[in-house]
Amino acid sequence: MSARPQRPATLIFCQAVLALQSLAAFFAVLVLWGLDRAGEVDLSGGLLWGGGLGLVVAFGYAAGQQAKRWGRWLGWALQVPMLLAGFIEPTIAIIGGTFLLTWIIGLRLGKRIDRERAERAAAEADAEADAEADAEAAADGEQA
């Protein structure tokens with residue numbers, strides 16, 4: 001049984017951020033619903049539930065599409081509504097900004113980890129090739 005190939009760190013980080021952000025968006029919808037019922041904000045139910053739950057689904061979908069190149073662009077685009085929701089409730093913009101920062105850090109660290117993994121794999125392959133060459137040379141020397 002062969003070992004499964006290791007998934008890229010960038011993929012894992014981006015999927016995790018977007019999945020958690022979908023939960024944060026859901027809780028933001030619940031907060032806005034409560035504020036609407038208390039009379040603190042004035043939002044239509046269709047905009048609140050339709051737009052909010054649509055955003056939750058979009059975050060979940062984007063998390064699943066991170067293996068594709070356009071999935072990263074979708075992840076970037078979905079950061080905007082969380083920031084714009086700050087015009088309705090400022091604390092949502094703070095949460096959106098925190099997730100934007102986490103998204104950027106996940107992309108940068110993921111790329112660094114993936115690059116270091118590739119360098120390590122190349123070094124291991126070179127060392128393995130050198131060891132095989134040394135073993136062949138030793139075998140040829142014994143036969144002579």
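One is the number of the first residue; the rest follow in order along the sequence. Every heavy atom of this structure was used, including side-chain atoms; hydrogens, water molecules and symmetry mates were not.
Smallest separation of non-hydrogen atoms from A63 and Q15: O-CG, 3.0 Å. When all heavy atoms of G86 and A93 are compared, the closest pair comes out as CA-CB, 3.5 Å. Scanning all heavy atoms of the two residues, the minimum distance from I95 to A24 falls at CG2-CB, 4.2 Å. Across every non-hydrogen atom of V29 and G52, the tightest pair is CG2-CA, 3.4 Å. Residues M82 and L55 approach most closely at SD-CD2, 4.2 Å, considering heavy atoms.
The hydrophobic cluster containing L20 also contains V17, counting ILVMFWY residues as joined when their side-chain heavy atoms lie under 4.5 angstrom apart, directly or transitively. Linking Ile, Leu, Val, Met, Phe, Trp and Tyr residues whenever their side-chain heavy atoms come within less than 4.5 Å places L30 and L47 in a single cluster.
Atom CG of D126 has more than 12 neighbouring heavy atoms from other residues, nucleotides or ligands inside a 6.0 Å radius. By the 6.0 Å contact criterion, CH2 on W70 is enclosed, its count of non-hydrogen atoms from other residues, nucleotides or ligands being greater than 12.
Checking side-chain atoms of E40 against main-chain N and O of D36 turns up no donor-acceptor pair under 3.5 Å. The closest donor-acceptor contact from the side chain of Q79 to the backbone of G75 lies under 3.5 Å. Side-chain atoms of D114 never come within 3.5 Å of backbone atoms of P8 as a donor-acceptor pair (strictly under, hydrogens ignored).
Taking the side chain as every heavy atom from C-beta outward, Q21 and L78 never approach each other to under 4.5 Å. Residues K68 and L74 are not in side-chain contact: their nearest non-hydrogen atoms beyond the backbone lie 4.5 Å or more apart. At a threshold of 4.5 Å between non-hydrogen side-chain atoms, the residues T102 and F13 do not count as touching. With a 4.5 Å cut-off on side-chain heavy atoms, L32 and W49 do not count as touching. Counting only heavy atoms from C-beta outward, the side chains of V56 and Y61 never approach each other to under 4.5 Å. Between R112 and T10, every side-chain heavy-atom pair lies at or beyond the 4.5 Å cut-off. Considering only heavy atoms from C-beta on, V31 stays 4.5 Å or farther from F27 through its side chain.
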Requested in this report: Check the pair L53, F26 against side-chain contact (heavy atoms from CB on, under 4.5 Å), reporting the backbone distance first and the verdict last.
Outcome: CA-CA 7 Å; L53 294 180; F26 176 71; 3.9 Å; yes
**Report entry** Verdict with reasoning, L23 to F59, per side-chain contact (heavy atoms from CB on, under 4.5 Å)
**Finding:** CA-CA 9 Å; L23 292 173; F59 276 120; over 6 Å; no
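Of the listed residues (D42, L43, L35), just one forms a side chain to side chain contact (heavy atoms under 4.5 Å, CB included) with I88, and that residue is L43.
Atom-to-atom distance recorded for R37:CZ and L48:CG is 11.5 Å, nearest 0.5 angstrom.
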